[in-house]
Amino acid sequence: MSVLSTVWGTFFPTNMPLSFHRRGISFRRILVVVTFSFVLCILYYSHSRRTQSATGFVPEEDVVIWPTEPPEIWAERAAQVKNAFLDAYHGYERYAFPHDELAPLSNASTNSFNRWGVTAVDSLDTMLLMGLKDEYERALPLIMNSNFSLPVNTAVPFFETVIRYLGGLLSAYALSNDSRLLTKADELGTKLSPAFNTESGFPVFGINTYEGVESGPPIGVLAEIASWQLEYSYLGKVTGKKEHVERAITITDLLNNANLTLSGGMYPTKWDLATGMPRDLHLSVGAAADSGHEYTLKQYLLTAQTDKENLEMYIRMTTHVINNLIFISPQRQLVYVTDMSTYKLEDTRVSHHFEHLSCFFPGLLALGVKMLPLDDLESLGIDVEELTRDLLPRDRRGYETLSEFSLADVHLWAAEAIAQTCYMTYADQPTGLGPEAVVMRAGGMFRTTLWMDAVRAWDRHGRQGSPPGVGDKLPWSEPPGLVSTRERDRATISRDYGVRNIAYYLRPEAVESFYMLWRVTGDVRWRYRGWHVFQAIEREAKTPSGYTCVDRVHMKVPVQLDLMPSYFLAETLKYLYLLFLDEDILPLDRWVFNTEAHPLPVFTWTPEELTTYGFAEEHLPSAML
Ligand SMILES: *[C@@H]1O[C@H](CO)[C@@H](O)[C@H](O)[C@H]1NC(C)=O
Ligand SMILES: *[C@@H]1O[C@H](CO)[C@@H](O)[C@H](O)[C@H]1NC(C)=O
Ligand SMILES: *[C@@H]1O[C@H](CO)[C@@H](O)[C@H](O)[C@H]1NC(C)=O
Ligand SMILES: *[C@@H]1O[C@H](CO)[C@@H](O)[C@H](O)[C@H]1NC(C)=O
C-alpha cells in the first residue's frame, strides 16, 4: 500500500486531473508505471520475506521502566476511584435522578433507557462493594416503587434492560440478601418475558412491559439474542421458578443445534428469529456479537462448571478466533482481534478494524486460563473428534496445528498481547484516552500476518524473547516539527493504525481486561496500565458535576461531550476499584460478572431441581453421572 502510493505520487501529483487523454498520457506510459510498481512490490515483498525467514520471528521489545512503589500505594488509589464514583453519583442524584442518565456539562438529564432511573439501578452493586450505605439507601425507594411501566406503543430494549436493570437488581440482591430486590427482579424478568414469543424462542428486540407485547425486526444480532442466560438462570435458581430456568436452557439448546459448519464452529452475528438459524457469515467478537461469545464461558462457570455444551461452544469459538481473527501489525507488532465476512464460499474479507468493545476479549481468555484445564480438556469429557465433527477440513486442521502448543499458553499470550494493544491505543493519544475504533495497518498487499503464524515462526526459531506482541512496548508519539496534515497523516504509518472513531465513551472493556489479567497473572503492570487510564479519565473527562464522554481523543485539546453513561458507574469505575483494591472481594471462582459487570454468585442445581427442570444429561454435574 505505502509503496504503491509513493510510486503513484511520484508519477501523478495529486492535483492532476483524472482524465489521462487530455493531458496526453499514453497507454504505454501507464503500462510502464504499472509494470514498474509491480516489480517494486515483488522486490519489497521478497525482501521482507527474506529478512523474516533468515532471522526467524524476533519480537520487538521496548525497555519500559515500571515504577517501584510501595504496595500501600494501591489502597490509596482504590480510595481515589471511590471518590470518583461519589462525584459521579452525587452529580447524577443532584441533577438527573430519577431520570436515566446525567448530562454532566449542562446538568440536564436524558432518558434513553426506559425512564426507570438506569444509573441508580446500575450503580447499586458498586455502592455495596464500596461500602456506600447512604447512597444505597437513598436509591432503594426508586426501585421499590417502580412498576416497570411504560406508555402505550413504546418498547424497551430486551437486551439492555436485562443486562443493566435485571443484572443490577440480581447482583444487588446477591450482595445484600435483601429479598425485596429479588421480588423486583422477578417482577421485571416476568414482564420482559413476552420477548420470547418468537417462533424459535430467541428473544425479539423490544417489549412493552405494560401491554405485554413484543416488537422488533425478524432478524436479531447475537449479542442481543444470546446474552441473558446468566441472569435468567440465576433468577430461576433463587426464585425456584421453572419458567425462568427453562428459558436459559432453551437458548443453550437453540445455539447448540445451529449448523455452524460454514462459520468454522463459531456463532455468526445475525440470526433468524423464526427459524433460529444463522443468517450471515460475519464473524466478530466486537459490536453486535461480543457478549454472545462471552456468555458461553460464563454460563458454564456460573452453573459450577456443569453445562458442557457451553464449554464446548467456548472452545470452538476461541479456537476459530485464534486461528483466523487475531493478527499482528507489521512494525510495532501490535496484536489485535478483528472481524471478517464471508460472502460466497472463498470470498472472505477481513476488516482489520479493532474496536474498543473487543477489548473485553483478552479478559475473557484470561478468565478461561484461570478456570479451565485447557491442556487437559479430556478430563472434562471434551472429545476433540466430536467437537470438530461438523467442521470443514481446513477448520479441523486449525485444531491440529494449535495442538502443537499448550492451549493455556496460547490463550494467555493472546490475552496479554491484545490487552497490551488496547492499552497502547490509550497511551499513544495525547489525551491518554483510547478511541472507540481504530483500523490497523495490516502490512501491505501480501504481508498480512496472522498472529498464530508469528507465534509458530517464533517457536521454530527457538523462542527468542517474549511471544509475539507480549513484550513491553513504549507509546507512539508524533515526530516533532510536522506542520501539514499530510505530513502528520504520513507519520502515523509508523504507529501501525489509523483512528477510525475518535471518541472515548467512558467504556470499561480495556480496564475490565486489565483487572482479569491482574487477578490471573498477579503482574503489577496491569495495575499501572489501569492507573494511567484512570488518571487520563480524571484529567480529560471530569466535569464540575460528573464525568463525560470525550471526543477527539487523538488531539491535544479534546472536546467534552455531554453524557455520562450508566455503565461508567456500573463497570468502568467498578473494575478500576477492584483492580486497585488489594483484597480479592469477588474471587473469580465464586463470582461471575455479567456483561454489565454485575457479579452473580456461582451456584449448583440440587438433585430435585435437576429433576423438576428436566435437565438434559449435558447439564448434569459430572458428579451426578
Ligand atoms: C453544573 O453543576 C456544577 C456543580 O454543581 C456547576 O459548577 C456548573 O456550573 C453547573 N453547570 C451549568 C451549565 O449549570
Ligand atoms: C406505574 O407508575 C407510574 C409512575 O409512578 C404511574 O404513573 C403509572 O400509573 C403506574 N402504572 C401502573 C400500571 O400501575
Ligand atoms: C438471607 O435472608 C434470608 C431471609 O430473607 C435468610 O433466611 C438467610 O439466612 C439470609 N442469608 C444470609 C447469607 O444472610
Ligand atoms: C450443515 O451445513 C453444511 C453446509 O451448508 C452442510 O453441508 C451440512 O450437511 C449441514 N449439516 C447438518 C448436520 O445439517
Side-chain angles (χ1 to χ4, degrees), residues 83-84 86-111 113-121 139-156 161 165 183-184 187-188 190-192 194 200 207-213 253-268 270-272 275-283 309 312-313 316 320 342-348 385-396 538 541-548 559-564:
N83 283 333
L86 283 171
D87 287 345
Y89 193 76
H90 289 162
Y92 165 74
E93 274 189 318
R94 184 161 171 198
Y95 296 110
F97 185 91
H99 300 283
D100 281 338
E101 291 175 331
L102 170 69
L105 284 178
S106 54
N107 297 340
S109 62
T110 62
N111 275 311
F113 290 97
N114 315 1
R115 292 177 175 262
W116 302 337
V118 73
T119 299
V121 182
L140 272 191
L142 171 77
I143 291 147
M144 298 314 168
N145 297 331
S146 174
N147 55 18
F148 305 117
S149 188
L150 281 180
V152 288
N153 295 328
T154 57
V156 299
T161 306
Y165 285 100
T183 308
K184 292 315 276 189
E187 181 186 336
L188 178 58
T190 306
K191 284 194 167 172
L192 294 176
S200 64
I207 326 100
N208 183 295
T209 46
Y210 176 58
E211 303 160 300
V213 292
D253 291 344
L254 271 172
L255 292 168
N256 205 45
N257 291 337
N259 185 337
L260 302 178
T261 300
L262 295 181
S263 55
M266 185 174 168
Y267 303 140
K270 288 193 177 156
W271 293 71
D272 189 319
T275 64
M277 288 295 155
R279 274 298 290 267
D280 72 358
L281 283 174
H282 178 246
L283 300 182
E309 288 171 344
E312 288 177 342
M313 203 57 246
R316 278 198 215 104
H320 198 71
T342 302
Y343 298 97
K344 279 177 265 153
L345 204 56
E346 306 308 334
D347 177 13
T348 292
E385 267 308 297
E386 186 150 325
L387 206 62
T388 58
R389 198 184 49 222
D390 295 330
L391 299 187
L392 298 174
R394 61 151 194 246
D395 291 318
R396 234 177 283 142
E538 286 286 309
K542 199 163 171 52
T543 76
S545 58
Y547 291 82
T548 182
V559 176
Q560 290 195 327
L561 301 168
D562 193 12
L563 179 66
M564 183 172 80

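First listed ligand is number 1; within each ligand, the first listed atom is number 1. Every heavy atom of this structure was used, including side-chain atoms; hydrogens, water molecules and symmetry mates were not.
Taking OH of Y267 as the start and CG of L283 as the end, the distance is 13.0 Å to the nearest 0.5 Å. The CG atom of D390 sits 7.5 Å away from the CZ atom of R316 when rounded to the nearest 0.5 Å. Separation of atoms OG1 (T543) and CG (L105) is listed at 5.5 Å; rounding is to 0.5 Å. The line from CG of L254 to OG1 of T275 is 10.0 Å long, rounded to the nearest 0.5 Å.
Remark: ligand 2 atoms within the under-4.0 Å shell around heavy atoms of S149 are 1 (C), 11 (N). The contact set between ligand 1 and L105, taken as ligand atoms under 4.0 Å from a residue heavy atom, comprises 11 (N), 12 (C), 13 (C). Atom numbering of ligand 1 starts at 1 in the shown order; those under 4.0 Å from a heavy atom of R94 are 5 (O).
Residues satisfying the salt bridge (charged side-chain N to carboxylate O under 4.0 Å, His left out) test with D272, not counting sequence neighbours, are R279.
At a 3.5 angstrom cut-off on N or O pairs, Y210 does not count as close to ligand 2. At under 3.5 Å, not a single nitrogen or oxygen of S545, backbone or side chain, sits near a nitrogen or oxygen of ligand 1. For a threshold of 3.5 Å applied to N or O pairs, the pair formed by Y95 and ligand 1 contains at least one separation below that value.
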Contact table ligand 4 N or O to protein N or O, d under 3.5 Å:
from, atom 1, to, atom 2, distance (Å)
ligand 4, 2 (O), N259, OD1, 3.2
ligand 4, 2 (O), N259, ND2, 2.4
ligand 4, 11 (N), N259, ND2, 2.9
ligand 4, 14 (O), N259, ND2, 3.4

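Counting heavy-atom neighbours within 6.0 Å of Y210 OH, excluding the residue itself, gives a total of 12 or less. K542 NZ: more than 12 foreign heavy atoms inside a 6.0 Å radius.
Across all non-hydrogen atoms, the minimal contact from S545 to N107 is OG-OD1, 2.7 Å.
E187 has a carboxylate O that lies under 4.0 Å from a charged side-chain N of K191, or vice versa, which qualifies the two as a salt bridge.
Residue-ligand proximity: T543 is placed with every non-hydrogen atom at 4.0 Å or more from ligand 1.
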